[in-house]
Amino acid sequence: MAERVTQEPDRQEREAQAATSAVPSAGSDGQPVALQTEAHGQKPAAGTREAIYDLDDVGVTYGSVPAVREVTFPIYQHEITALIGPSGCGKSTLIRCLNRMNDLIPAASVTGKVSYHGQNLYDDEIDPVQVRKHIGMVFQKPNPFPKTIYDNIAFGPRVLGMDGNMDEIVESALRRGALWDEVKDRLKTNAFGMSGGQQQRLCIARALATSPDVILMDEPCSALDPISTGRIEDLMLELKENYSIVIVTHNMQQAARVSDRTAFFIVDLKGEESHRIGHLVELSPTEKIFTNPDDQRTEDYVTGKFG
Amino acid sequence: MSAVPEAGLSRKVVERASSGQRTKDLMFRLALLFSVSVGFVVLAALVLDVMIDGASRVSLDFITSFPSRISPESTGVKSALIGTIYLMVLCAVFIVPVGVATAVYLEEYANRDSRLSRLIEVNIQNLAAVPSVVYGILGLAFIVRGPLGLGPVLLAGALTLGLLVLPVVIIVSREAIRAVPSSIREGSLALGATQWQTIWKQVLPGALPGIATGVILALSRAIGETAPLLVIGAATFARFNPEGITDRFTAMPLAIFEFISDADTEFRAAGAAAIIVLLALLVVMNAGAIFLRNRYERKW
């Protein structure tokens with residue numbers, strides 16, 4: 001497995017992780033996907049991680065076209081969960097359910113339960129704006145606001161009416177985003193003047209400024225060169241100490257490098273209308289997915305037989 | 001060995017275009033050039049003619065004197081110029097909030113597939129093409145008389161002209177709002193901003209240069225409108241400035257109309273001079289719009 005972790009503490013942390021998380025999943029070897037939630041039931045008892053999300057039979061439909069169906073799995077705190085799979089398998093659609101960004105597409109409808117700390121995010125009384133205050137998101141293409149670096153970071157805290165010294169909030173967010181040293185002398189310049197990799201780290205820092213619990217990343221490195229990608233991966237490993245991260249990626253090596261747990265999705269051609277519907281094949285500790293997956297399709301995918 | 005026939009073949013493939021094709025190409029280009037020159041020559045002739053007739057009459061006195069019925073030498077456009085400026089300001093105050101709010105609703109809130117919003121959309125497109133005299137009749141019936149009953153005053157003129165150019169403002173503002181990429185909206189909403197905060201703090205600032213350009217271009221259309229003001233009963237000759245929004249008024253195109261239609265042909269030079277003043281005002285406004293567009297337009 002291609003390790004690209006530069007910091008020793010991270011490596012130790014990850015190895016410790018792999019050791020503990022391997023225990024329950026070993027018991028579920030060869031079991032169908034749905035049973036993974038039962039493994040989750042055993043998790044707290046095993047004294048490892050607490051689930052922040054619990055997806056229960058989640059499906060998304062655009063108009064009458066289903067995009068992804070019957071997804072059931074938990075997402076644990078202070079872990080990086082990677083969603084991988086071929087194009088059109090519904091990974092991005094699914095991650096956008098986790099902070100209700102799918103609401104922006106009028107035709108999209110979500111079935112099943114997306115529980116966040118035990119609360120179904122799709123309950124009627126839930127306000128999507130409140131959901132997004134707790135759950136940050138980083139997009140495929142860096143999308144800084146056409147404002148100064150400072151104002152990009154300060155935008156979130158300002159609209160949320162956060163108390164405190166804005167200069168300190170901005171500095172702390174930029175430090176957590178590993179960007180402070182590069183930009184501290186040009187906070188008042190336009191963010192469009194930054195490189196692509198810096199812009200993406202700015203977007204991460206911007207998400208951190210509002211102190212979310214979870215950070216969702218939808219292919220955050222797909223528009224970046226390998227060096228910028230490496231820096232963002234290092235940053236993710238640092239951030240998981242304090243945040244939970246869900247990342248959609250097309251890059252299997254990236255999933256292998258950074259994630260603790262990997263969910264593999266696949267797309268079925270269903271019916272005569274050839275609707276493409278994505279669904280979950282398996283969710284396991286990353287090491288298992290890449291070395292000894294339960295499902296033959298996972299193995300075929302990670303070894304490059306298709307996709 | 002085999003290279004020789006290949007070379008021969010390629011020489012055959014890349015033939016020169018036949019002379020007939022080249023002639024056609026040339027004819028087409030000439031036809032295009034002719035079409036371009038029609039517009040340009042007409043404009044140039046118009047400006048030149050007006051300049052010859054009126055350039056000698058344009059002076060500071062001309063724009064600071066009230067019109068006169070008896071002396072073509074000392075007549076001026078003071079009241080018309082002031083009236084036009086008031087009209088433009090009032091008109092902007094009316095069309096900017098209403099036009100931008102409509103555009104925001106249609107772009108950000110309305111369900112595009114609903115019957116109602118499609119009806120509104122088609123209506124706005126059609127309203128932009130309604131002849132201005134019809135707006136004048138509307139203004140006369142509803143603003144000057146009828147429900148509002150303001151009389152032929154500045155406010156009534158500004159509202160009538162505002163209605164006339166509102167569709168243009170809405171269409172241009174919608175385009176400017178649509179040009180703000182959805183990634184900006186997503187970025188803002190993902191941070192927990194409400195839809196209103198996203199519109200007010202991200203979308204509108206991003207669309208502002210486009211909106212401002214559109215408003216100026218709409219106003220420069222309104223500034224030259226004569227028919228609606230005549231229909232609502234604005235004065236064509238006034239030796240007083242409007243003092244408030246409920247005063248009677250005159251405007252530049254009306255002053256031109258008055259000068260040109262005077263039985264005394266001596267007034268025609270004054271008419272040409274007034275046209276020059278109006279054209280200068282238009283050039284300044286359009287230059288402002290171009291400046292705004294080039295200076296602030298964002299490449300996303």
Side-chain angles (χ1 to χ4, degrees), chain A residues 63 95-96 98-107 127-147 151-162 173 190-192 199-200 202-218 223, chain B residues 100 103-121 173-213 292-300:
Chain A
I95 200 173
R96 293 168 74 93
L98 302 181
N99 65 343
R100 293 197 56 172
M101 284 304 271
N102 275 340
D103 290 29
L104 304 187
I105 304 160
D127 176 5
V129 173
Q130 297 300 323
V131 171
R132 296 182 200 127
K133 284 181 184 176
H134 300 284
I135 301 164
M137 188 160 200
V138 178
F139 298 86
Q140 193 168 350
K141 229 180 109 208
N143 60 345
F145 301 133
K147 298 172 185 285
D151 285 340
N152 261 277
I153 303 287
F155 178 76
R158 279 181 188 145
V159 297
L160 300 192
M162 277 168 67
N190 195 299
F192 280 20
Q199 288 187 3
Q200 194 62 301
L202 179 73
C203 292
I204 295 174
R206 185 173 77 184
L208 298 176
T210 57
S211 304
D213 287 342
V214 187
I215 302 164
L216 308 176
M217 297 186 171
D218 188 358
Chain B
V100 173
V104 166
Y105 174 78
L106 290 174
E107 283 300 314
E108 305 285 330
Y109 288 94
N111 174 3
R112 254 167 238 179
D113 300 327
S114 85
R115 207 170 276 263
L116 179 71
S117 56
R118 270 187 306 178
L119 188 73
I120 293 173
E121 196 162 336
S173 302
R174 285 185 68 177
E175 271 161 23
I177 288 169
R178 212 176 306 150
V180 176
S182 58
S183 65
I184 296 293
R185 294 177 182 81
E186 287 190 339
S188 170
L189 291 168
L191 287 168
T194 62
Q195 192 175 7
W196 169 243
Q197 284 168 329
T198 299
I199 291 168
W200 187 245
K201 296 188 176 173
Q202 298 291 354
V203 177
L204 282 182
L208 198 60
I211 294 174
T213 308
L292 273 179
R293 199 177 57 207
N294 293 349
R295 173 77 178 71
Y296 295 104
E297 193 183 42
R298 237 180 295 275
K299 305 274 178 288
W300 297 97

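Naming: A, B, ... by sequence-line order, numbering from 1 per chain.
Residue A:R100: no heavy atom, backbone or side chain, is found under 4.5 Å from chain B. For A:F145, the parts lying under 4.5 angstrom from a heavy atom of chain B are both the backbone and the side chain. Heavy atoms of A:L216 lying under 4.5 Å from chain B are absent altogether. Contact of B:S182 with chain A is not made at all, since no heavy-atom distance falls under 4.5 Å. For A:K147, the part lying near chain B is the side chain, with the backbone staying farther off; criterion is any non-hydrogen pair under 4.5 Å.
Top candidate by heavy-atom pairs under 4.5 Å with chain B, chosen from A:T210, A:D127, A:L160, A:I135, is A:L160. Between chain B and the options A:R96, A:K141, A:Q140, heavy-atom pairs under 4.5 Å are most frequent for A:R96.
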- Task: Determine, step by step, whether B:E108 and B:L204 satisfy the side chain to side chain contact (heavy atoms under 4.5 Å, CB included) criterion, reporting the C-alpha distance in whole Å, the side-chain angles of both residues, the deciding distance to 0.1 Å, and the verdict.
- Result: CA-CA 11 Å; B:E108 305 285 330; B:L204 282 182; over 6 Å; no
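A donor-acceptor contact shorter than 3.5 Å links the side chain of B:R185 to the backbone of B:V180.
Between atom CD1 of residue A:I215 and atom CG of residue A:L98 there is a gap of 13.5 Å, rounded to the nearest 0.5 Å. Atoms SG and CZ, from A:C203 and A:F139 in turn, are 9.0 Å apart once rounded to the nearest 0.5 Å.
Using a cutoff of 4.0 Å between basic side-chain nitrogens and carboxylate oxygens, B:E107 and B:R112 are scored as salt-bridged.
Nearest approach of A:Q199 to A:F192, heavy atoms of both residues: NE2-O, 3.5 Å.
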